[in-house]
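Sequence lines set the chain letters: A, B, ... in the order given, protein chains first and strands last, and positions in each chain run from 1.
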Amino acid sequence: MEEGLCKNFVPSSGFVDKTKIVEVKPLRSLAPVLPKSLQSSHSLRYPSVFPPFIVFEEVQESQPSSPPPIPAPPIKSYKILVEEEETPHVVHDDSSTPMSVDDGQKRGPQPLNSCKSSQKRSKKTKESHFDSSFSAGGAISVAQRDDGDRETVNLVLMTYDSLRRRLCQLEDARELNTTMSIKRADLRASNALSAKAFRTNMKKRVGAVPGIDIGDIFFLRMEMVLVGLHGQSMGGIDYMTAKDETVALSIVSSGVYDDETEDDDVLVYSGQGENFNKKDKHVIDQKLQRGNLALDNSSRRQNEVRVIRGLRDAVNKSAKIYVYDGLYKIQDSWIEKGKSGGGVFKYKFVRLPGQPSAFAVWKSVQKWKMGSSSRTGLILSDLSNGVESIPVSLVNEVDNEKCPFFQYFNDLLHPKPFSLAQSSYGCSCTKSCVPGDLSCSCIQRNEGDFPYTSTAVLVSRKQLVHECGPMCKCFPNCKNRVSQSGLKLQMEVFKTKDRGWGLRSLDPIRAGTFICEYTGEVIDRAKVNPYREYNDEYIFNTSHIYDPFKWNYEPSLLEEISSNVSSEDYCMPSPLIISSKSSGNVARFMNHSCSPNVFWQPVLYAENNQSYLHIAFFALRHIPPMSELTYDYGCSGHVEGSNAPNGRKKCLCGSSKCRGSFG
DNA sequence: GCGTACTCACGTCC
DNA sequence: CGGACGTGAGTACG
């Protein structure tokens, strides 16, 4: 494997492949970072408090093909009622809002949904003795439990997934060490968070959910429950009851029923309920109750319904990925004979216009992959020219710039051996190293933990991850060599609007997934000229100052999670500076962001009787396809001399937490 | 308030 | 590999 990688680099033979080297000035730091690739739609993003009836009149003008039997206003008005209750100073203009039918209800004494959620919350808090410490510690405030924001949603998701990963790790090691069984780590982790009300958006609501963007992806149903996107852990239709009338909130279309999709913005969804009575063994019709009734009401009232599309995960074929595809309205509904002959409710969902594309992006990617539609702006189908096993496309849809000038190279040049107190030699496991096998010297170096789950997801950030390497006796397909197998995701280098080239993935990425290594020329720290770094925009430097952040949550720490707010702040065991200016891999195209979706992790393994340090990039959180990948470049330390050039560049990442400069 | 019914999960086993 | 199956969480509802 490693030999193969080295063969691809021909540094001094005189052979220069023109397809790899094209003269274009790199623009990496000249342009501001936009956090997502789908920027064109950014301004169209819904505000966290969704204005009611935004398209109500349009819909009234262009009546759906099947006119609703009873014209009723959207039950959204219940939400207004709640808002009025909670913020009495809000002026509400009745005349502009067609909902006279609800006038009586609006003036009703009881808010209909907020009281529900607070009842639930108080029930939860009774169960939890940790509640006061939670709110005091500020991990999730009481207000954030009802109404979230982006930061809270990310905190809940990251806490949940790191806990789940750790439980998976313990379960993977269980067979050899007789500890208790941890089946269903997803449920164990959600239990732990729910018991302490470590959730957000618990208040049920019609329409957009604060802190959740269209296009966000989820790998488990529980993730959507914990952040309030879809309250049912299994059920496909989420709804709430307001004034004796149920109203639908969100649906999950997983392909279990035969839902049809005519085009990307339309979904025909089947109602819930069996078509076959197991006891009496006869065919039955679905009933207009529960979710079906809620959908019917939402259709009549022309309420918005959140739609989540479930898709098969290409990496983990038995699993699913859920894509939040924004708000839809039910345009039509009817009853159809199902396969068994029983009546099945059908609801035709139509996507509201003006929303960022989400599911449509997946469809486009699928078409590019199958070759059934051509990629616009494609310059090269494989920037790596065969070095990577998966081609790296190069795309420019912005201007005429053709290709960056560099040589694709998948290894470290002039690496310095890393001194270790322990022997550099690898483990003597046969076949593959097994989690929980404490006789494996590589597992010993990782403090007894196997660093990756069985699906090759990194469990925890560490000062150093010890992988097996060419010196180990285990097979090359050992699961402790995740960072050495090259790209597994289909990557694309693309021209950003104003920050030069950037990197993104056509595939969805689960948090903790290995993305790529940072390759290039290792620069001797003793010889490093500070001015060289200022002129080299392709420097990776571990001795930069990085904002600490938290990615790991131990199960035992969950008890005092609010007091344990300290970030993981690791010292580098040995400084490492890499330049990818003249040669490198896709990592050289990753832009900086102050709120990144990727982080770097030092990885050590032995080759040729020496241990070498590598920099591996992992997904900080779930990343939807076509989202730009970014990491924190950190800041160089030497800025004391006021007149000296500090080498920092103005940051244009656009994040709310932007520090203003980097590098 | 509590038990029960219901559901477009998920992992495992064969 | 695919389908059956067992254990499920959260919610609504009686």
Side-chain angles (χ1 to χ4, degrees), chain A residues 112-113 116-117 119-124 126-127 160 164 167-168 171-172 174-175 181-195 197-199 201-204 218-242 244-261 267-279 284 286-295 297 305-314 316-323 325 338-339 344-347 349 453-455 510:
Chain A
L112 289 156
N113 47 10
K116 275 207 173 209
S117 78
Q119 272 171 12
K120 282 284 183 297
R121 196 177 62 232
S122 58
K123 186 185 168 188
K124 286 284 176 193
K126 256 182 243 171
E127 291 166 9
Y160 171 71
R164 189 196 60 83
L167 292 169
C168 282
E171 172 69 8
D172 286 346
R174 179 181 60 93
E175 287 171 41
S181 168
I182 308 162
K183 280 181 182 161
R184 295 299 302 267
D186 58 324
L187 298 184
R188 290 293 192 97
S190 66
N191 271 343
L193 297 204
S194 284
F198 199 86
R199 315 170 42 168
N201 290 318
M202 287 174 78
K203 186 172 88 184
K204 287 195 172 272
F218 303 87
F219 285 74
L220 293 161
R221 290 287 296 263
M222 288 310 301
E223 292 177 332
M224 296 187 282
V225 171
L226 290 171
V227 298
L229 180 62
H230 186 80
Q232 301 291 327
S233 61
M234 297 176 79
I237 306 165
D238 194 18
Y239 59 99
M240 68 177 188
T241 301
D244 298 330
E245 182 162 331
T246 57
V247 56
L249 308 175
S250 53
I251 58 158
V252 177
S253 170
S254 299
V256 172
Y257 293 63
D258 40 336
D259 303 337
E260 305 152 44
T261 301
L267 172 71
V268 176
Y269 191 79
S270 304
Q272 61 188 194
E274 295 284 329
N275 270 151
F276 190 75
N277 190 319
K278 280 167 192 154
K279 285 177 195 165
I284 50 170
Q286 287 186 343
K287 295 178 186 66
L288 191 60
Q289 58 183 20
R290 299 171 182 272
N292 299 342
L293 182 59
L295 289 179
N297 291 334
V305 180
R306 300 186 291 270
V307 169
I308 298 123
R309 305 240 194 186
L311 297 152
R312 178 145 276 140
D313 183 355
N316 189 0
K317 279 193 93 178
S318 66
K320 278 185 193 129
I321 299 177
Y322 301 95
V323 185
D325 199 33
K339 279 172 187 167
V344 175
F345 286 100
K346 293 282 181 179
Y347 300 92
F349 282 75
T453 67
S454 55
T455 53
R510 192 171 195 167

Polar atoms only, N or O, under 3.5 Å: list the protein pairs with nucleotides 10-14 of chain B and their distances.
residue, atom, partner, partner atom, Å
dC10(B), OP1, R221(A), N, 2.7
dC10(B), OP2, Y322(A), OH, 2.7
dC10(B), O4', R184(A), NH2, 3.2
dC10(B), O2, R184(A), NH1, 2.9

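- Rounded to whole Å, atom P of dT7(B) lies 10 Å from atom CE of M234(A).
- The OG atom of S233(A) lies 10.5 Å from the CG atom of L226(A); values are rounded to the nearest 0.5 Å.
- Distance check: I308(A) CD1 to L311(A) CG gives 12.0 Å after rounding to the nearest 0.5 Å.
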*Could you walk me through whether M222(A) and L187(A) pass the side-chain contact (heavy atoms from CB on, under 4.5 Å) test, one step at a time?*
CA-CA 8 Å; M222(A) 288 310 301; L187(A) 298 184; 4.0 Å; yes
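- Distance check: S254(A) OG to R312(A) CZ gives 10.5 Å after rounding to the nearest 0.5 Å.
- Using a 4.0 Å heavy-atom criterion, one finds that Y269(A) contacts the bases of the nucleic acid, with or without backbone contacts as well.
- Heavy-atom minimum distance, Y347(A) versus L288(A): OH-CD1, 4.2 Å.
- Between the CZ atom of R164(A) and the CG atom of L193(A) there is a distance of 12.0 Å, given to the nearest 0.5 Å.
- For the pair M224(A) CE and dG10(C) P, the computed distance is 14 Å after rounding to whole Å.
- Between K317(A) and Y239(A), the residue whose closest nucleotide on DNA chain C is further toward the 5' end is K317(A).
- Within the nucleic acid shown, G310(A) has no heavy atom closer than 4.0 Å to any nucleic acid atom.
- Per the geometry, CG belonging to L295(A) stands 14 Å off P belonging to dT7(B), to the nearest Å.
- Among the nucleotides dC13(C), dA9(C), dT11(C), the one closest to any side-chain atom of T246(A) is dC13(C).
- The nucleotide whose nearest atom lies closest to any side-chain atom of T241(A) is, among dT7(B), dC13(C), dG10(C), dC13(C).
- Protein atom CD of Q232(A) is 11 Å distant from nucleotide atom P of dT7(B), rounded to whole Å.
- OP1 or OP2 of dG10(C) lies within a sub-4.0 Å distance of a side-chain N or O belonging to S194(A).
- Taking a pair as Watson-Crick or G-U wobble with both distances under 3.5 Å, the runs of three or more consecutive pairs in DNA chain C are B:2-7 with C:9-14, B:9-14 with C:2-7.
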*Would you please test V252(A) and D238(A) for side-chain contact (heavy atoms from CB on, under 4.5 Å) and show each step?*
CA-CA 9 Å; V252(A) 177; D238(A) 194 18; over 6 Å; no
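- Residue G291(A) is classed as having no contact, given no heavy-atom separation below 4.0 Å to the nucleic acid.
- We find that NE2 of H230(A) is positioned 14 Å from C1' of dA12(C), with the value rounded to whole Å.
- Taking atom CZ of F218(A) as the reference point, atom C1' of dA9(B) lies 16 Å away to the nearest angstrom.
- Put simply, CG on L229(A) and CZ on R306(A) are 5.5 Å apart, with the number rounded to the nearest 0.5 Å.
- When heavy atoms are screened at a 4.0 angstrom cut-off, N191(A) is found touching the sugar-phosphate backbone but no base atom.
- Atom CG of D325(A) sits about 9.0 Å away from atom CG of L267(A), to the nearest 0.5 Å.
- Rounding to whole angstrom units, CG of residue L249(A) and C1' of dT11(C) are separated by 12 Å.
- Straight-line distance from the CG atom of N292(A) to the C1' atom of dA12(C): 14 Å, rounded to whole Å.
- Y269(A) pairs with exactly one of F345(A), Y257(A), F349(A) by the side-chain contact (heavy atoms from CB on, under 4.5 Å) rule, that one being F349(A).
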